[in-house]
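Note that these values count all heavy atoms, side chains included, but never hydrogens, waters or copies made by symmetry. Naming: A, B, ... by sequence-line order, numbering from 1 per chain.
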Number of protein chains: 2
Amino acid sequence: MALPPSTKPLRADTERTVRAILEAAERVLSANPAATMEQVAEAAGVARTTVHRRFASREALIGALSAWAAQRFHEAVEAARPETTPPDVALYQVTANVLRVKIGWGFAMGALPTDAPEVASVHADVLARCERLFARLRDTGVLPPDADLDWARRVYYALIHEAATQAPDTDAAMDALATRVVDTLLRGIGTRTTT
Amino acid sequence: MALPPSTKPLRADTERTVRAILEAAERVLSANPAATMEQVAEAAGVARTTVHRRFASREALIGALSAWAAQRFHEAVEAARPETTPPDVALYQVTANVLRVKIGWGFAMGALPTDAPEVASVHADVLARCERLFARLRDTGVLPPDADLDWARRVYYALIHEAATQAPDTDAAMDALATRVVDTLLRGIGTRTTT
DNA sequence: ATAACTTGCAACATCAATGACGCATGTTCT
DNA sequence: AGAACATGCGTCATTGATGTTGCAAGTTAT
């Protein structure tokens with residue numbers, strides 16, 4: 001049972017269990033990617049056999065976890081409407097939204113390269129949107145005309161990844177973190193006066 | 001035999017084998033951290049039992065691998081003389097040297113948190129040097145007086161990590177990469193004219 | 001209430017990775 | 001050349017993770 005997205009409406013019971021397992025898997029696996037199913041089960045507060053009843057194999061569990069996180073990820077990017085908002089606003093919004101997801105679902109999102117077509121397509125879609133956003137940033141003059149957009153995007157990803165290692169408690173801190181990422185991306189950490 | 005650094009001078013034979021295993025381990029494990037000893041052995045062109053003869057356990061192998069890489073890492077930083085060179089020069093030199101090591105020993109360096117005291121002390125030492133270097137950069141005016149040095153250092157690490165995913169073939173490309181890292185760190189990727 | 005479903009528990013089967021030997025066949029060193 | 005050592009190969013033991021099944025007890029939905 002690899003849980004094909006829409007089998008049948010799950011019983012309230014089951015839904016709770018599945019979520020508990022996914023959340024536990026995220027926590028446990030992010031701490032130790034080689035953790036066993038038993039550790040996940042224990043963290044979820046269920047028996048090991050229950051995990052196996054919901055997810056046929058370890059592979060299936062990780063697949064479902066990736067799919068779940070990919071869904072959230074996609075929503076986070078969607079919600080920022082990066083195609084229609086002014087690019088600098090979009091950059092900030094996307095950053096803030098993605099950070100929110102990435103904190104707490106860090107393992108599921110990028111830990112290991114997922115081959116599930118569903119997840120891959122989400123990542124590809126987000127990648128394309130990101131590239132378009134950066135192109136718009138360049139055309140708007142936020143980035144120089146000769147900017148290496150691929151490098152820019154990779155630096156952006158890396159900064160988000162780095163920022164996500166801190167888990168701010170308040171919403172204000174979250175916003176401050178997003179601001180810092182955008183700021184560092186665009187202006188670096190050096191003194192502006194020089195050169 | 002966890003290969004305590006200086007047991008006795010190894011036979012020419014053995015030395016070659018050990019190196020082959022370490023190099024193979026780096027390649028195989030960076031592709032798949034959960035790879036088996038057999039895959040490592042195969043990649044090294046030796047029998048699985050030979051790997052076990054040289055490294056008592058999987059743990060020991062990874063430990064030795066980390067120690068080996070830590071050694072190179074330390075040398076790379078040392079060679080830049082970051083305490084005595086002008087800080088901006090040192091920043092560039094350290095970047096270039098570390099990149100050289102990190103490309104090709106990426107797994108062994110940061111993949112998983114090593115608890116070996118030897119490795120930890122190297123990382124701690126490098127961390128301290130890095131902090132001092134950044135403090136000097138701030139005092140020299142390269143970084144603003146109110147710069148968050150911890151964030152700066154983390155961004156620096158992240159950029160190096162990102163840059164190391166490209167493996168330039170020529171020495172010139174290596175230097176260009178280091179330049180790009182330093183440049184992005186200090187100035188970001190945005191247009192300089194604005195704000 | 002009751003049928004359908006889920007869970008925990010315990011037991012079992014499997015399987016792959018790890019690690020250890022002994023021995024015949026090379027290599028290395030002196 | 002000859003002693004000392006390393007390697008490949010086959011073999012075996014162990015262990016831990018994975019996955020399955022049956023059943024009694026508890027939930028959910030209608």
Whether over 12 other heavy atoms sit under 6.0 Å from E75(B) CD: yes
Under 3.5 Å: donor-acceptor pair, side chain of S66(B), backbone of M109(B): no
Criterion side chain to side chain donor-acceptor pair (under 3.5 Å) on W151(A) and T184(B), from CA distance to verdict: CA-CA 10 Å; W151(A) 170 249; T184(B) 302; 2.9 Å; yes
Geometric class of the F73(A)/H123(A) ring pair [parallel <30°, tilted 30-60°, perpendicular >60°]: perpendicular
Short side-chain N/O contact to dT28(D) OP1/OP2 from R11(A), under 4.0 Å: no
Sugar-phosphate only, base, or nothing, as touched by T17(A) at under 4.0 Å among non-hydrogen atoms: sugar-phosphate
I21(B) CD1 - dG8(D) C1' separation (whole Å): 13 Å
Atom-to-atom span, CD of E38(B) to C1' of dG8(D) - whole angstrom: 13 Å
Spacing of F55(B) atom CZ relative to dT7(D) atom P, expressed in whole Å: 11 Å
Nearest-angstrom distance from the residue atom CG of L29(B) to P of dA17(C): 13 Å
DNA chain C: 5'-proximal contact among R16(B) and H52(B) (nearest heavy atom): H52(B)
Distance in angstrom units between E15(A) CD and dT28(D) C1', rounded: 14 Å
base_contact_polar (dG19(D) base, R53(A) side chain, donor-acceptor, <3.5 Å): no
Toward the 5' end of DNA chain C, by each residue's nearest nucleotide, R48(B) or D13(A): D13(A)
Listed nucleotide nearest any side-chain atom of A12(B), set dG19(D), dC29(C), dA29(D): dC29(C)
Rounded distance in Å - CD (E42(B)) to P (dG8(D)): 13 Å
Side-chain N or O of T50(A) closer than 4.0 Å to phosphate OP1/OP2 of dT7(C): no
Residue R54(A), side-chain heavy atoms: nucleotide from dT18(C), dT27(C), dT6(C) that is nearest: dT6(C)
Side-chain ion pair, R154(A) and D148(A), N-O less than 4.0 Å: no
Touch class at under 4.0 angstrom, heavy-atom based, for S57(A) against every strand present: sugar-phosphate
Nearest-Å distance for atom pair CD/P, residues E59(B) and dT18(C): 12 Å
Between P of dA29(D) and CG of L10(A), the distance in whole Å: 11 Å
Nearest-nucleotide 5' precedence on DNA chain D, T36(A) against T14(B): T14(B)
